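Structure record follows, encoded as structure tokens.
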Amino acid sequence: MRNRLAIGFLGGAALLALAGPAHAQSIGYGDGDGASSEAAPGDGGDIRKDAPRRGKRGGPRVGHVSVTPYIEAAQIVDAELAPGSDTLTYTTLAAGVDATVNGRNNAASVSLRYERRFGYGRAEDSDTISGVARASLGVVQKSVRFDVGAMAQRTRVEGNGASIAAPLDDVGNTSKIYSFYAGPSVSTYAGDVKIDGHYHFGYTKVTEPDSLVVTPGAAPVDVFDSSTVHNAEVHVGTRPHDVLPVGIGAGAGYYQEDVSNLDQRVKDFHARADVTVPVGQSVALVGGIGYEDVEISSRDAVIVGGVPVVGSDGRLVTDKSAPRRIAYEAEGIIWDVGVLWKPSPRTNLEAHIGRRYGSTSFYGTFGWAPSRRQSVNISVYDNVAGFGGQVNRALENLPTQFQAIRNPLSGDITNCVASLDQGSCLGGALGSIRSSTFRARGVAATWGLDLGRIQTGIGVGYDRRKFFAAPGTVLASANGVIDENFWLAAYLDAQLDQRSSLSGNIYANWFQSGFAGTGNASALGATVAYRRWLTSRLSGTVALGIDGVSRQYEDDYWTASALAGVRYSF
């Protein structure tokens, strides 16, 4: 059932990506939910009326279609370095497809893989669906689009709630994350008035591991189960000098996430008016004022003899007869002021400070492309959500043109994709996998370089989550607790000659949990792979990797792996 679910998520995205013409979309980050009503309406924040619209940097040419199915076989040796010294061997068989489409009215990237692993001796058999997809399909030329994104990934859940890369030999302790979103977007003009809007529906599911390692004496982690998300935004407005010397606009948005764990619900409505005041050829001041109504609520768990009941899936059983209780609410005036700076089509800064969610809020973006083959992107965000909503937001912000980066030994997708566009990393969204809702604040920065024969990039970020829980419920102790995650991901893919290439990946997570007795954890890993084309379709690969996690209250865990395999591409 789990594999059929994953195939449905990513297979559906693949079919949409290859179905027909659509229009590429670059979604702004804004307040963290994929939209920004504060930017100058009509041109993604452009200040001058005649400013050129930003095009794609690098990437495949318009009209390019590439679809590469493949099959693969490999032998893997996995050696435990600490705390034990066990050595396991596996044979893997895999099938997958990598595809990119860049049409006049469409853009899509898909990487989908199924792997079956056969263990010898004490090594366990397993199978995995993994992949990532993002597509934007034109319904009515460039004005109406249908957007879709999906992801399937393995992860290991630590006792403090951290989500880290799953090691090869830890089948029983791994979870699987499945997430997708889909919905229409509109971007059109009515005279001088620009109209933008979208509605996206999202779903995220996390499977429970067979067992979960926890610190002795600490409470088990209530792992996120599933959630649905409804996210709608609309904005109308004019650019400076189109109607008035200043740009004016108005917008509204509604976000609702329903988390299955204890019937948690996030409702966030906001409406606002904004103005853009040019103060120079490349600089404008922006500001807005409006109203918001945010409410987070949940039910309690079933209590028997003073002890909460845990179901067969390892999660707390919800008391459906219990009244809904408020965990967090904020209602009233919201405002912000900021600056837009766009000195050239290659440089764009948008920074805001104001009040939202009952306190000071910061958010903004920075994009700089020194050349068509290089880019630097930074996003600062502030939002409220559950784990599923945060993953959906990360998928919405993925570019439609990218190359998936995979671990050559496990086949899993890594935290970042190879792209010169903003939003190319998922690391911040996957940091903590607890079920409780939270306010997320953080920053993500990426640098990418595409020289044709060499692709490389690095992503770094910080994610801070302050959890909400209703008093008098089983989750009450989580209220106000803060988890912090610092993450890094880097990749390199170099074509050595016409028949060989070298690739490498590095990842790191430093996770600090505020939950009592759970401790901090650091995860590190690196891989290197050499690939040699034996014929035009057949290639051989050898790879080495090391992965480890260092825990505050438990033994460190380190493994080293080696692979030799062949791939046939159709």
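Note that this is a predicted model, so its numbers are computed, not measured.
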Problem - Y199: partners by ring pair (Phe, Tyr, Trp, His ring centres under 6.0 Å), with sequence neighbours left out - result: none
Handout entry: Non-hydrogen side-chain atoms of E233 and Y254 separated by less than 4.5 Å
Key = no
Practice task
For S375 and A369, indicate whether the former's side chain and the latter's backbone hold a donor-acceptor pair under 3.5 Å.
Solution key: no
Exercise for the section: Look at the side chain of T276 and the backbone N and O of V246, then say whether any donor-acceptor pair between them is shorter than 3.5 Å. Expected result: no
Handout entry: Whether Y328 and F468 hold their rings parallel, tilted or perpendicular, with breakpoints at 30° and 60°
Key = parallel
Problem - Main-chain N/O of D450 paired with R373 side-chain donor or acceptor, under 3.5 Å - result: yes
Problem - Exam field: side chain D412 to backbone S130, donor-acceptor pair closer than 3.5 Å - result: no
Problem - Flag, side chain of E257 to backbone of G386, donor-acceptor distance under 3.5 Å - result: yes
Exercise for the section: Please determine if R434 forms a cation-pi arrangement with F515, meaning its NZ or CZ atom is less than 6.0 Å from the six-membered ring centre and no more than 45° off the ring axis. Expected result: yes
Practice task
Have a look at S513 and tell me which of N485, D483, N160 forms a side-chain hydrogen bond (donor to acceptor under 3.5 Å, both in side chains) with it.
Solution key: D483
Practice task
Look at the side chain of S185 and the backbone N and O of H198, then say whether any donor-acceptor pair between them is shorter than 3.5 Å.
Solution key: no
Practice task
Give a yes or no on whether the backbone of G442 and the side-chain of D463 come within a donor-acceptor separation of less than 3.5 Å.
Solution key: no
Exercise for the section: Inspect the contact between D336 and R355 and indicate whether a charged nitrogen and a carboxylate oxygen are less than 4.0 angstrom apart. Expected result: no
Exercise for the section: Mark yes or no: K194 above the aromatic ring of Y189, with NZ or CZ under 6.0 Å from the six-membered ring centre and no more than 45 degrees from the axis. Expected result: yes
Exercise for the section: Look only at the side chain of S143 and the backbone of V140, and say whether a donor-acceptor pair between them is shorter than 3.5 Å. Expected result: yes
Completion exercise
Across all chains, not counting sequence neighbours, the side chain to side chain contact (heavy atoms under 4.5 Å, CB included) partners of A271 are A252, F269
Exercise for the section: Among Y381, F362, Y363, find the one that has a ring pair (Phe, Tyr, Trp, His ring centres under 6.0 Å) with H352. Expected result: Y363
Problem - Backbone N/O of I482 and side chain of R465: donor-acceptor pair under 3.5 Å - result: no
Exercise for the section: Look only at the side chain of S379 and the backbone of A444, and say whether a donor-acceptor pair between them is shorter than 3.5 Å. Expected result: no
Practice task
Examine the side chains of R265 and S297 and answer whether a donor and an acceptor come within less than 3.5 Å of each other.
Solution key: no
Problem - Ring centroid separation F201 to H230 under 6.0 Å - result: yes
Exercise answer: donor-acceptor pairs, residues 285-293 side-chain atoms, under 3.5 Å, sequence neighbours excluded:
{"from": "Y291", "atom 1": "OH", "to": "E331", "atom 2": "OE2", "distance (Å)": "2.6"}
{"from": "E292", "atom 1": "OE1", "to": "R356", "atom 2": "NE", "distance (Å)": "3.3"}
{"from": "E292", "atom 1": "OE2", "to": "Y357", "atom 2": "N", "distance (Å)": "2.7"}

